[in-house]
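Here is the structure we will look at, set down as structure tokens.
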Amino acid sequence: MKPNSQVLKHKSSHDTEREFGGTLGAVCIPIFLPLTVLFLISVSRSPEASVLQWPPSLPSTEQLWDPLAPVILLGWIGLHALLYMMPLGKVSEGLVLRDGKRLKYPINGFHGLCVSGVLLMLFLGLGAPLGYLFELLVPLAVCAITVSFLFSIYLYIRSFWAPSHALALGGNTGNPLYDFFIGRELNPRIGNFDLKYFCELRPGLIGWLVINLGMLMKEVELRGSPSLAMILVNSFQLLYVADALWNEEAVLTTMDIVHDGFGFMLVFGDLAWVPFTYGLQAAFLVVHPQTLSSLGAAVIIALNGIGYYIFRKSNSQKNQFRRDPTHPSVARLETIATATGKRLLVSGWWGLVRHPNYLGDLLMALAWSLPCGFSHLLPYFYVIYFTVLLIHREDRDERQCRAKYGLAWETYCRRVPYRIFPYIY
């Protein structure tokens, strides 16, 4: 098969509006985000933990490398690739592609989480020093960043052998820098192994939990037992990841899978950004222990519970409506008809705000940071970043829905004026 060097001849390819700052963003983001990861890890491990300290706290050259790091990282990815291919769980179909086909996906991520948990307990029982992950954080992050670049280069090169209908509409602009960043091919596969779907919820998301557990074990080494703050952070984030994997089938309708190509943006996010920045609270608590009162812990648990309830209920309602609009749980909800034949929910959770799942997500994000106290800004990096991310994602959703549904979307926006925060935004 010859490389397909032609581009799509309609508005959704070359003429597509470029996102994330276009070419400038595509150049700057792959430089600054990896540096940000290393900076944040270094700050979280420093006595001052100040993001405003100058000169900034950066790792030394010796701290960037440990021969054990690539062994652990590649072994971890290999383990989950093997678990992905195991005949566990059901197989679901994705949405209809431009060529009329529907790809099949194994729904076995939760099995992978359970197997990982059993293996970790076995290693701990055998005396494995899981707390050493604290010392390996920087080398592991360097390896994850390196793998992200190499994997993205492979994806970009192989995309030229993909048929035109297999390319992402927004990632085939003809600008090599932008296309490398945003991703040219929509669903790159090796046989039936879907590379994007595998990276979306497997090695990085479960790896985040392993790093958290390593931070907990490091605290046990230093102080004899884990603090309440550390237990809350680990528990909240375990619930979040377990929920994502239990409801893995829902990811098949998300923007990442349906719309975005698989390029550096998603590769780096899945393999480096998520596992090494989403759990900064646990790394912070190793060096900066916090004491929580019973009342404070109860308030934080309640906040996380409310956020999770909103997040799960709203997502479940949306997913049920997409699967079967006649189901008793959603059949009585008020909807608006669109020219595409689909209907928009304007009652239930989706009549409260346009993105109630984002609201729940942000409440949980705040609950993850609160156990770290108020003396440092660093533990709140995640909730600040996530707020910016979700507002940006909401804006992307807004533009796409306005283009797709037209007048029906205008009607929906009048009926549901608030985007994420009721009566605020």
* Apply side-chain contact (heavy atoms from CB on, under 4.5 Å) to I391 and H355, showing your working. => CA-CA 10 Å; I391 290 175; H355 297 276; over 6 Å; no
* Distance-only side-chain donor-acceptor flag, Y197 / E248, under 3.5 Å -> yes
* **Check: L407 main-chain N/O paired with T411 side-chain donor or acceptor under 3.5 Å** => yes
* Distance-only side-chain donor-acceptor flag, W208 / Y240, under 3.5 Å -> no
* To do: Please name the pair of heavy atoms, one in I211 and one in F276, separated by the smallest distance, quoted to 0.1 Å.
  => CD1-CE2, 3.6 Å
* Please check if any side-chain donor atom of T173 sits under 3.5 Å from a side-chain acceptor atom of D179, or the reverse. => yes
* W65, CH2 atom: more than 12 neighbouring heavy atoms under 6.0 Å -> yes
* Would you kindly check if the NZ (Lys) or CZ (Arg) of R393 is within the cone defined by 45 degrees around the ring axis of F386 and under 6.0 Å from the six-membered ring centre? => no
* Asked: Is the closest side-chain heavy-atom distance between P379 and W368 below 4.5 Å?
  -> no
* Should R414 and E410 count as an ion pair when the cut-off is N to O under 4.0 Å? -> no
* To do: Indicate yes or no for a side-chain donor-acceptor contact from E200 to the backbone of D256 under 3.5 Å, with no hydrogens or angles considered.
  => no
* Minimum side-chain heavy-atom gap T335-F321 below 4.5 Å -> yes
* **Donor-acceptor contact present, side-chain W350 to main-chain S314, <3.5 Å** => yes
* Asked: What are the two closest heavy atoms between A283 and F134, and how far apart are they?
  -> O-CE1, 4.0 Å
* Measure across V258 and L252 and return the closest heavy-atom pair with its distance rounded to 0.1 Å. => CG2-O, 3.4 Å
* **Nearest heavy-atom neighbours spanning Y380 and H376** => CD1-O, 3.7 Å
* pair W273-T36: side-chain heavy atoms closer than 4.5 Å -> yes
* Considering residues, nucleotides and ligands other than N192, do more than 12 of their heavy atoms fall under 6.0 Å from its CG? -> no
* Asked: Does any N or O in the side chain of K196 come within less than 3.5 Å of the main-chain N or O of I257, such that one atom is a donor and the other an acceptor?
  -> yes
* Distance-only, no hydrogens or angles: does the R102 side chain make a donor-acceptor pair with backbone N or O of L97 under 3.5 Å? -> no
* To the nearest 0.5 Å, tell me how far D243 CG sits from L238 CG. => 11.0 Å
* Only one of M86, M85, K90 forms a side-chain contact (heavy atoms from CB on, under 4.5 Å) with L88, so which one is it? -> M86
* Do you know which of Y84, F262, Y105 makes ring pair (Phe, Tyr, Trp, His ring centres under 6.0 Å) with F198? -> Y84
* Asked: Okay, side chain of W349, backbone of I310: is any donor-acceptor separation there less than 3.5 Å?
  -> no
* Does some side-chain heavy atom of L333 sit less than 4.5 Å from a side-chain heavy atom of Q317? -> yes
* Structure fact -> Rounded to the nearest 0.5 angstrom, the CD-CD distance for E249 and E93 is 10.5 Å
* Structure fact -> One should read off an interatomic distance between L103 CG and L186 CG, to the nearest 0.5 angstrom, of 8.5 Å
* Could you give the distance from CG (L239) to CG (N234), rounded to the nearest 0.5 Å? -> 12.5 Å
* **F421, CZ: over 12 other non-hydrogen atoms inside 6.0 angstrom** => yes
* For L280 and F381, run side-chain contact (heavy atoms from CB on, under 4.5 Å): C-alpha distance rounded to whole Å, both residues' side-chain angles, the deciding distance at 0.1 Å, then the answer. => CA-CA 8 Å; L280 280 171; F381 168 81; 4.0 Å; yes
* **Side-chain heavy-atom pair R354, Y412 within 4.5 angstrom cut-off** => yes
* What's the shortest heavy-atom distance between A26 and Y178, and which atoms? -> CB-CA, 3.7 Å
* Asked: Within the side chain of R158, is there an N or O that forms a donor-acceptor pair under 3.5 Å with the backbone of R189?
  -> yes
* Asked: Would you say the side chain of M215 lies within less than 4.5 Å of the side chain of F284, judging by non-hydrogen atoms?
  -> no
* How are the rings of Y385 and Y278 set to each other: parallel, tilted or perpendicular (split at 30° and 60°)? -> tilted
* Does F123 CZ have over 12 foreign heavy atoms under 6.0 Å away? -> no
* Structure fact -> Separation between CG (N175) and OG1 (T23), nearest 0.5 Å, reads 4.0 Å
* Taking C-beta and beyond as the side chain, do N108 and L83 meet within less than 4.5 Å on heavy atoms? -> no
* Stepwise, does the side-chain contact (heavy atoms from CB on, under 4.5 Å) test hold for S46 with V287? -> CA-CA 7 Å; S46 68; V287 184; over 6 Å; no
* Pairwise side-chain contact, P34 with F268, heavy-atom cut-off 4.5 Å (strictly under) -> yes
* Would you kindly say whether N315 and N319 are connected by a side-chain donor-acceptor distance under 3.5 Å? => no
* Structure fact -> F264 and S148 have their tightest heavy-atom pair at CD1-O, 4.3 Å
* Asked: Taking atom CG of L222 as the centre, does the number of heavy atoms from other residues, nucleotides or ligands within less than 6.0 Å exceed 12?
  -> yes
* So L136 and Y132, side-chain contact (heavy atoms from CB on, under 4.5 Å) or not? Walk me through it. -> CA-CA 6 Å; L136 284 177; Y132 189 58; 3.6 Å; yes
* Nearest-0.5 Å distance that lies between atom CG in L363 and atom OH in Y308 -> 14.5 Å
* Side-chain donor/acceptor of S44 to backbone N/O of I41, under 3.5 Å -> yes
